Amino acid sequence: MQVPLLDLKTQYTSIRDEVLAAVSEVLESQRCIGGPKVAELEEKIAALSDCKFAVGTSSGTDAILNSLMSLDIGKDDEVITTPFTFFATVGSIVRTGAKPVFVDIDPNTYNINPDLIEQAVTKRTEAIMPVHLFGQMADMDPIMEVANRYNLAVIEDAAQSITSTYRGRKTGSIGTVGCLSFFPSKNLGAAGDGGMIVTNDEGLYNRLRIMGNHGANPKYYHRYVGGNFRLDPIQATVLLVKLPHLDNWSEARRRNAAFYDEKFAGTMVKTPYINPDCVSIYNQYVIRVPKRDALVAHLKEKGIGSAIYYPCPMHLQECFKRLGYKQSDFPEAEKAAREVLAIPIYPELTHEMKDCVAESIKECLV
Ligand SMILES: *Cc1c(COP(=O)(O)O)cnc(C)c1O
């Protein structure tokens, strides 16, 4: 039995007529930039995130970049973050001219280890950027405590965690800003690129809006050097069709996760650890096994999709060489990079498919 890591087609088929009608409506209106669909989505995502404000962006990456730029972070500034993340987190920091300062991860959750943050704070530190990896939020209370003590901004990279919670609080609502992504493989995925920034800070919200329109206010009078970070109305309309399904889809992922958890109990497979303070949306179900690369080969042979998120931690990336980090600087991130494997978790998996994935993995453990 073939089981892909992700199957977008099945989900699309279930909402095709609505998506086509919604896209057609936008095309007929020829409202090609901004407009009511973008505004409606912003309002709904703000509400869903327990935030007062939201600004649509062209991608999750641009949500992060705009947040950094609007917080005036740049040359001579430092931003503390995790080395175990998708490139966009760190790439955006470097693009502003600021310096990423890494601290190691908690090996159970793969999120930034809050106990290591304070010792990384310097006079130049301006912000902390925790990443809520795989759908589970980082341990935010101790992070906010350090941030408040040193007066630092907190930019939540919530690209993988829309609607997930920490102690009952929504992702993106605890820090200064939260950055969401609608990349097609996220729990709420567009038909292309898209993202959003959520915040409760009205002054910052106004700045984010202006910054995302080339820093212009009014039009053609540029207060800042911003960029074109706007969300496309066609993507917004597709997202509005999908939004009412989001909770059911995330719930289905949690059910799939519970199935695997039970299947792997008592085996050598280390299943995801979910902090009891958190509700995860399982953007990925990431297991840990010592002979990971042999398992990858076995699954490939059986036609089962899997992926390594992420094989090379950020402090060892070629393009960040000048930051001066080296092998064994962040042993937990490096160990995770050697052992993690994401397996199919998408909501439309059938019982037979999940069973096939679990049994195929168990075959390979002896
Ligand atoms: C997906 C993702 C992003 C950025 O997303 P894009 O929308 O693809 O630009 C940023 N950070 C993390 C952790 C992500 O997973």
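In what follows, every heavy atom counts, from backbone to side chain, and hydrogens, waters and symmetry copies are set aside. Computed from a prediction, not measured in an experiment: that's the story for all the values here. When a ligand or atom number is given, it counts from 1 through the structure's own listing order.
Among M196, K186, Q284, the residue whose heavy atom lies closest to atom 14 (C) of ligand 1 is K186.
Heavy-atom contacts of T85 reach the following atoms of ligand 1: 13 (C) (cutoff under 4.0 Å). The ligand atoms of ligand 1 that sit less than 4.0 angstrom from a heavy atom of Q160 are 13 (C), 14 (C), 15 (O). Short contacts between ligand 1 and V131, defined as distances under 4.0 Å to a heavy atom of the residue, involve ligand atoms 13 (C). Residue contact check: A88 has heavy atoms under 4.0 Å from atoms 4 (C), 10 (C) of ligand 1. Below 4.0 Å from some heavy atom of S181 lie the following atoms of ligand 1, by number and element: 1 (C), 5 (O), 6 (P), 7 (O).
Of the candidates Y325, F102, F87, F320 forms a ring-ring contact (aromatic ring centres under 6.0 Å, His included) with just one, namely F87.
Counting heavy atoms of neighbouring residues, nucleotides and ligands inside a 6.0 Å radius, atom CZ of R167 exceeds 12 of them.
In this structure, the side chain of N283 engages the main chain of S185 through a donor-acceptor pair within 3.5 Å. Distance alone, capped at 3.5 Å, places no donor-acceptor pair between the S70 side chain and the S67 backbone.
Here T61 has heavy atoms under 4.0 Å from ligand 1 in both its backbone and its side chain.
With hydrogens and angles left out, the side-chain atoms of N275 and Y166 include no donor and acceptor closer than 3.5 Å.
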